[in-house]
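The structure appears below as C-alpha cells.
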Number of protein chains: 2
Amino acid sequence: MTQTMPAGATAAGPADRCSAPPPPHPRPDGQDHYTISEAVACTGLTAHTLRWYERIGLMPHVDRSHTGQRRYRNRDLDWLEFVNKLRLTGMPVADMVRYAELVREGESTYGERRELLESTRRDVLTRIAELHDTLAVLDRKIGFYAAGA
Amino acid sequence: MTQTMPAGATAAGPADRCSAPPPPHPRPDGQDHYTISEAVACTGLTAHTLRWYERIGLMPHVDRSHTGQRRYRNRDLDWLEFVNKLRLTGMPVADMVRYAELVREGESTYGERRELLESTRRDVLTRIAELHDTLAVLDRKIGFYAAGA
DNA sequence: TAAGACCTTCGAGTGCACTCCAGGCAAGCG
DNA sequence: CGCTTGCCTGGAGTGCACTCGAAGGTCTTA
C-alpha cells in the first residue's frame, strides 16, 4: 500500500469506495465520511502527508469520530483534489496555505483569492509554453538520434 | 548580481556578450570562451550552481585558462541551455547526469539516449495535459469568484 | 478475550537541489 | 605596494516537502 494499487481489482474491499478509476469522481454521498486510509486511496497522498497538511493549516478542519479518528468528508476530498492540482503547477505549499487561510476568513477575501488564482493561472500558461518549447527541443534531438541510429 | 539583472541596460559591459534578450541566441563565435560570470549571465544559473553541475558530472568538461579559471565555450552554453530545458520538465538531476554520461560514452549510446529522451517526451506530454486540466479547474474557480465579487 | 490491523501524537530524519562560507590565488589599477 | 575584484576549492548549511519512528490507544474478527 505504498503508492500504486491495482485500482480495479476487487470492487468491495473495505477501502474501495473511491478507488475504481472508470468514473472519475466516484465518491458517494450516502456515507459522507471516510477514514484516513480511504482518503489515501482517493487522493494518492500518504496518511503521513494528510496529517501533515492538517498540521500546517492546509486543511479546512477535518471532523473526528467519537474516538478521535479523522473522518474525511466529500468536501475535504474535493479540497485535496484541488490542492493536488495546485501542487503540480509547482505552487509552493506556503502559498496553498495562504489560500486556505483566505478561504477560512470567508467571503470578504474573494478578491484576494481571485487574484491569487489568476496569478497562478498565468504561471500555468507560462509553464505550458515552456514545456512546448522543451518538446520542440526534444523532438529535434530525438529526430537526430533516429537518423543517426 | 544575485538573480535578476536589467538585461538590456548597457550593451557593452564586460559580461554583456550574452545578456540582451532580443536575439534569443546572441552568442558570437568570434571569441568562443566566456568566464563563469558571463555564463551566469547567459544561463540564469548561479556560479555556485555551475560549479556544482561540474562536480556532479553534469558538464562535459569545461576548459580552463592558464590560471585555472573556467572558460565556457558555446557548446557548453548550448548544453546548459538544454539542461535548463530538461530541468523545467521536472527531470531529476540524477537522470540528467545519466544522460551526460551517455554523451561522454560516445555514439554507441545513441539508442539509449533516444529512449531516455522519448520517455522524457512522454512525461512532458503528460505534464502538459495535467496543466491543461488544472487550467480548467482554475478557470472555473476564477469564474465563480468573478461572479461572486 | 486476544491478536492484529489501524489509528493517534510529536518530533526527528531524509532526499533533493542547490547555496553559502572560509581561506586563498591572480590580475588590474592608482 | 596595497586595494579591489573575480575566481578557485572543499565542505558545510539551507529550505522544501515530505517521511518515518516510537509509544500507545482503538477497532474488528476469531
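Lettering follows sequence order; numbering is per chain, from 1. These figures come from a predicted structure and were not determined experimentally.
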| request: Indicate whether OP1 or OP2 belonging to D:dG6 is found under 4.0 Å from a side-chain N or O atom of B:T35. | output: no

| task | Indicate, with a heavy-atom threshold strictly under 4.0 Å, whether B:R87 touches base, sugar-phosphate, or nothing. | result | sugar-phosphate

| Under 4.0 Å between a side-chain N or O of B:T67 and OP1 or OP2 of C:dA27? | no

| request: Round to a whole Å and report the spacing from CG of B:D63 to C1' of D:dC7. | output: 16 Å

| field | Whole angstrom value for the distance that separates P of D:dC8 from NE2 of B:H66 | value | 13 Å

| task | Nearest-nucleotide wise, let me know which of B:I36 and A:R71 is further upstream toward the 5' end of DNA chain D. | result | B:I36

| Where along residues 48-57 of chain B does a heavy atom fall under 4.0 Å from DNA chain D? | B:R51, B:R55

| said: Under 4.0 Å from OP1 or OP2 of D:dC8: is there any side-chain N or O of B:R70 that close? | reply: yes

| query | Mapping B:G90 and B:Q69 to their closest nucleotides on DNA chain C, which lands nearer the 5' end? | reply | B:G90

| query | Salt bridge or not for B:D63 and B:R71, using N-O below 4.0 Å? | reply | no

| query | So, the side chain of B:T109 versus the backbone of B:E112: is there a donor-acceptor pair under 3.5 Å, distance only? | reply | no

| request: Establish, from distance only, whether the side-chain atoms of A:N74 and A:Y34 form a donor-acceptor pair under 3.5 Å. | output: yes

| Check ion pair A:E118-A:R122 (N to O, under 4.0 angstrom) | no

| field | d(NE2, B:H33; C1', D:dG6) in whole Å | value | 16 Å

What pairs of nitrogen or oxygen atoms, one from the protein and one from nucleotides 13-15 of chain D, lie under 3.5 Å apart?
none

| Separation of atom CE in A:M59 from atom P in D:dA17, rounded to whole Å | 17 Å

| Contact class for B:R64 (heavy atom, under 4.0 Å): base, sugar-phosphate, or nothing? | sugar-phosphate

| said: With a 4.0 Å cut-off on N to O distance, would you call A:K85 and A:E81 a salt bridge? | reply: no

| said: Between B:N84 (side chain only) and B:T43 (backbone N and O only), is there a donor and an acceptor less than 3.5 Å apart? | reply: yes

| message | Run the side chain to side chain contact (heavy atoms under 4.5 Å, CB included) test on A:M96 and A:R87 for me, step by step, so that the C-alpha distance in whole Å, both residues' side-chain angles and the decisive distance to 0.1 Å come before the verdict. | response | CA-CA 8 Å; A:M96 296 193 251; A:R87 213 163 50 106; 4.0 Å; yes

| request: Decide, yes or no, whether a salt bridge links A:E54 with A:R70 under the criterion of side-chain N to carboxylate O below 4.0 Å. | output: yes

| task | Salt-bridge test for A:E115 and A:R98: reply yes if a basic N is under 4.0 Å from a carboxylate O, no otherwise. | result | no

